[in-house]
Amino acid sequence: MTGTARLGLPLIAPDQAQKHVTHNEALLVLDAMVQLRLDGLAETVPPGEPEAGAVFGIGAAATGAWQGHDGELAAWTQGGWRFMAPAEGWLGWEKGVGRPVVYRRGEWRPLLNGVDALGVGTEPDGTNRLAVRSEAALFTAVPVGEGGNGDVRLTLNKETAANSATLIFQSGWSGRAEIGLSGNDDFAFKVSGDGATFTTGMTLGASTGFVTFGSFAGCAVSFPAVAGGVLAAETGYVVPLPQSGTSDEIDMISGGFDGAMLIVIGTAGRTLTFRDGVGNLKLGGNRVLDNFEDSLLLVRRGADWIELSFSNNG
């Protein structure tokens with residue numbers, strides 16, 4: 001055996017003369033290949049004045065002193081160019097772009113490009129080939145001033161309309177919500193109470209944008225108290241309370257926004273009078289809610305609340 005198995009370093013033979021020549025040759029190869037720094041990759045023309053210690057990855061159809069060494073590494077050392085064939089798994093630092101590279105399947109590649117799986121803080125598996133265990137994850141745009149365009153996008157692509165591209169939200173590793181393109185190209189919002197059966201709450205049609213609800217839609221009820229003739233609406237469904245006692249008058253409704261709808265429900269034993277035209281109420285006359293089933297439906301237009309319907313079930 002005249003050389004080492006992995007780097008091919010020359011070995012000193014017994015009773016060899018000029019042992020220092022063999023020893024120095026091995027040191028020169030070690031100096032070039034250990035902590036490998038690549039001054040170029042896929043290069044085909046040797047530089048005219050290389051720096052001592054420079055190493056280049058040789059590309060196809062190399063010329064000059066590199067001819068016949070395609071795919072090898074060329075290191076400029078004492079005595080000229082020395083060549084080394086890289087092996088699967090060698091790591092290096094590509095100086096020009098400032099990134100780690102690995103020799104994989106016969107070529108130098110960025111270290112994290114083309115890997116079969118990647119785990120951050122955890123282990124990936126055959127299904128979750130990218131796995132991240134972290135308290136938070138951040139994607140941020142590259143600012144225009146740093147060469148980016150200021151945008152950031154996350155893309156989920158599926159093969160066909162019948163496949164799915166969704167985000168699933170879990171609790172204790174059991175699904176509770178799913179949003180996205182689930183089995184078709186409509187954008188759906190689904191929820192589940194047990195992780196097995198999902199109910200579609202809302203769907204946006206892919207071709208029309210039409211919104212359909214898979215279940216009843218409504219507003220959470222709130223019980224705001226009248227204050228100085230003003231009813232502060234907190235939700236789209238309110239059961240007002242008098243400021244004091246069992247009766248009150250309402251001249252103004254605050255809250256909501258242009259186009260919002262408001263359902264007001266009465267209560268047995270309490271009398272609430274909504275006065276038409278006094279504040280921002282545009283009604284078909286004063287409306288009195290004094291029973292459990294009395295109701296008033298309003299829509300906001302600008303600053304005013306306009307009556308859509310009134311039901312007096314007293």
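Note that this is a predicted model, so its numbers are computed, not measured.
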Apply the side-chain contact (heavy atoms from CB on, under 4.5 Å) test between V264 and each candidate in L297, I250, L296; give the one that qualifies.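 Per the side-chain contact (heavy atoms from CB on, under 4.5 Å) rule, the option paired with V264 is L296, out of L297, I250, L296.
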Check whether any side-chain heavy atom of [X] lies under 4.5 Å from a side-chain heavy atom of [Y], and answer yes or no.
X    : Y    : answer
L241 : R270 : yes
V211 : M202 : yes
L91  : L111 : yes

Answer yes when [X] and [Y] have at least one side-chain N-carboxylate O distance shorter than 4.0 Å, and no when they do not.
X    : Y    : answer
R109 : E107 : yes
R287 : E307 : yes
D185 : K158 : yes
R300 : D258 : no

Residue list, ring-ring contact (aromatic ring centres under 6.0 Å, His included) with W81, at least two apart or on another chain: W66, W76
Of all residues at least two apart in sequence or in a different chain, which pass the ring-ring contact (aromatic ring centres under 6.0 Å, His included) check with F198?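 Scan of F198 (ring-ring contact (aromatic ring centres under 6.0 Å, His included), adjacent residues dropped) gives none.
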Across all chains, not counting sequence neighbours, the salt bridge (Lys or Arg N to Asp or Glu O under 4.0 Å) partners of D194 are none
Where do N157 and T155 land on the side chain to side chain donor-acceptor pair (under 3.5 Å) test, with the steps shown first? CA-CA 6 Å; N157 179 65; T155 301; over 6 Å; no
Are the side chain of E88 and the backbone of R105 linked by a donor-acceptor contact shorter than 3.5 Å?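 Yes; at least one donor-acceptor contact below 3.5 Å.
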